[in-house]
Enquirer: 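This is the structure I have questions about; it appears just below.
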Amino acid sequence: MSGQVGLAEAYDMVYSAASRMMWVQEDRVWRLDSPGGRWPEERRAAWRELEAALCASEGPEPQAGEPSDPARHLISRRAAGPVDRPITFAEAVVEWEARMAADPGPYEPRTGPYPDDYLVPGRAVVMHESQMMTLTGPLGDLAYRLAPGRPAVKIAGNTAELSRLVHAAADELREAMGANTPTPHPVGAVSVAPVSHRPSDVDDMRTRYEALSRTAWRASENMPTLKYMRESGDASVKPATTKAAQDVQDLLAGRSGVFWRERHELIDPSVHVTSGVNWPGGQPVPDLIASEAEDFERSAALGRKPRAPHPAEVRIFREKGNPDHVAISAVRAGILAEILDEYAARIHPGAKSGIVHFSAYGLTHFISEGIGRELRETYGF
């Protein structure tokens, strides 16, 4: 690391680079509760040590009356219960997973008027599959925006209409569930901290920086090269992880100042969707965040919105002549509505966040591979 960089900045750069390396691996093969994914135990142990070092910078527990920190907390709602306090990323995941585990589902078997599985009013929401595609569209961008280690960003551009439409879509889900609507837009409904807690806001920063650097070096030097992966057929490490590990090594050795990479170098997270680029004519073109409003406007123009099930409506099967509609439980619909509100809050003009903390790892996994994967499986081929 260059001597021209201050200690706090150096700490945050290593934190971002190391967090990104762990995040792009996608699966948590280093953890003790994982089968291991053909990783040698030495590498798994090094990554567990790095995860512990990153988690040590999480910051204090949320306190009553404290504003929500976009780098560590949801900013669309507060914690449930009598105490007004922020809800952490980890708490949100625990809550959502508990609701999903207790979900009775949208169907119940009945014998009349003829034997079948029937949609239960109050437990089910039905929509056109194109509407489901629209509603799940923002999840990819939200997961990338919450990637652990993501540098500070402030939303620019004309995203107010998209933010409004996304929240309106969340309310349509609630309406189909029988909940009271409209609800307040999340922006302004929650007190948000103007300055985020930095990873480097720790006691004894010099000692902690040296410890983080050592663990990041051990974890990143333990990775196979792309050449070895090609020749050996080793697919246990994502190519992006190997590249990110090299960034960590180069940063710590002073060979480079690169500590974060978007999915494509043209992406500016203040104005662009972060989950990827389009390739019209073979050229990369990032999508403006504001342009995502078109999908919501199209659904509204077609009059497509979630609804409660009709009386005696049976299980929706494509092979039964209902290829264009999907049904999900009201529990899942409610969680999706809350996630959409979080997106509406985070892409509103002027919304900002400091360096996203590593505790967002579980949240991004839940959004993309938990409920996100489940909802995506309801449509398409």
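When reading the values below, keep in mind they use all heavy atoms of this one structure, side chains included, and skip hydrogens, waters and symmetry mates.
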Enquirer: Do His128 and Ser130 get their side chains close enough for a donor-acceptor pair, meaning under 3.5 Å?
Expert: yes
Enquirer: Say whether, by atom type as modelled, one donor and one acceptor occur between the side chain of His272 and the main chain of Asp268 under 3.5 angstrom.
Expert: yes
Enquirer: Please evaluate residues Lys243 and Val24 with respect to the criterion side chain to side chain contact (heavy atoms under 4.5 Å, CB included), reporting the C-alpha separation (whole Å), side-chain torsions for both, the decisive distance (0.1 Å), and the verdict.
Expert: CA-CA 10 Å; Lys243 295 176 183 178; Val24 296; over 6 Å; no
Enquirer: Charged N to carboxylate O below 4.0 Å: is that the case for Arg198 and Asp12?
Expert: yes
Enquirer: Rounded to the nearest 0.5 Å, how far apart are OG of Ser76 and CD of Glu342?
Expert: 3.5 Å
Enquirer: For Thr215 and Glu49, does a side-chain donor sit closer than 3.5 Å to a side-chain acceptor?
Expert: no
Enquirer: If we ignore hydrogens and angles and just use 3.5 Å, is the side chain of Arg38 paired with the main-chain N or O of Ser236 as donor and acceptor?
Expert: no
Enquirer: I'd like to know whether the aromatic ring centres of Trp260 and Tyr15 sit less than 6.0 Å apart in this structure.
Expert: no
Enquirer: Indicate the atoms forming the closest heavy-atom contact of Leu146 with Ile367, along with that distance.
Expert: CD1-CD1, 4.2 Å
Enquirer: Looking only at the side chains, is there a donor atom on one of Ser196 and Arg72 sitting less than 3.5 Å from an acceptor on the other?
Expert: no
Enquirer: When rounded to the nearest 0.5 angstrom, what is the spacing between CG in Leu74 and CZ in Arg346?
Expert: 7.0 Å
Enquirer: For the residue pair Asp234 and Ser232, confirm or rule out a side-chain donor-acceptor distance under 3.5 Å.
Expert: no
Enquirer: When rounded to the nearest 0.5 angstrom, what distance separates CZ in Arg28 from CD in Glu51?
Expert: 8.5 Å
Enquirer: Starting at OG1 of Thr274, measure out to CZ of Arg150 and round the result to the nearest 0.5 Å.
Expert: 5.0 Å
Enquirer: Parallel, tilted or perpendicular: which describes the rings of Trp30 and Trp47, with under 30° parallel and over 60° perpendicular?
Expert: tilted
Enquirer: Measuring from atom CG of Asp341 to atom CZ of Arg174, what distance do you get when rounded to the nearest 0.5 angstrom?
Expert: 4.5 Å
Enquirer: Under 3.5 Å, is there a donor on one side chain and an acceptor on the other for Ser57 and Tyr11?
Expert: yes
Enquirer: Using a strict threshold of under 4.0 Å (side-chain N to carboxylate O), is an ion pair present between Arg85 and Glu91?
Expert: yes
Enquirer: Look at the aromatic rings of Tyr118 and Tyr114 and report parallel, tilted or perpendicular, splitting at 30° and 60°.
Expert: tilted
Enquirer: Strictly by modelled atom types, are Gln25 and Asp27 linked by a side-chain donor-acceptor pair under 3.5 Å?
Expert: yes
Enquirer: State, without any angle test, whether Thr183 and Asp171 hold a side-chain donor-acceptor pair at a distance under 3.5 Å.
Expert: yes
Enquirer: Would you say the side-chain atoms of His197 and Asp69 include a donor-acceptor pair closer than 3.5 Å?
Expert: no
Enquirer: Does CG in Asp204 sit with more than 12 non-hydrogen atoms of other residues, nucleotides or ligands closer than 6.0 Å?
Expert: yes
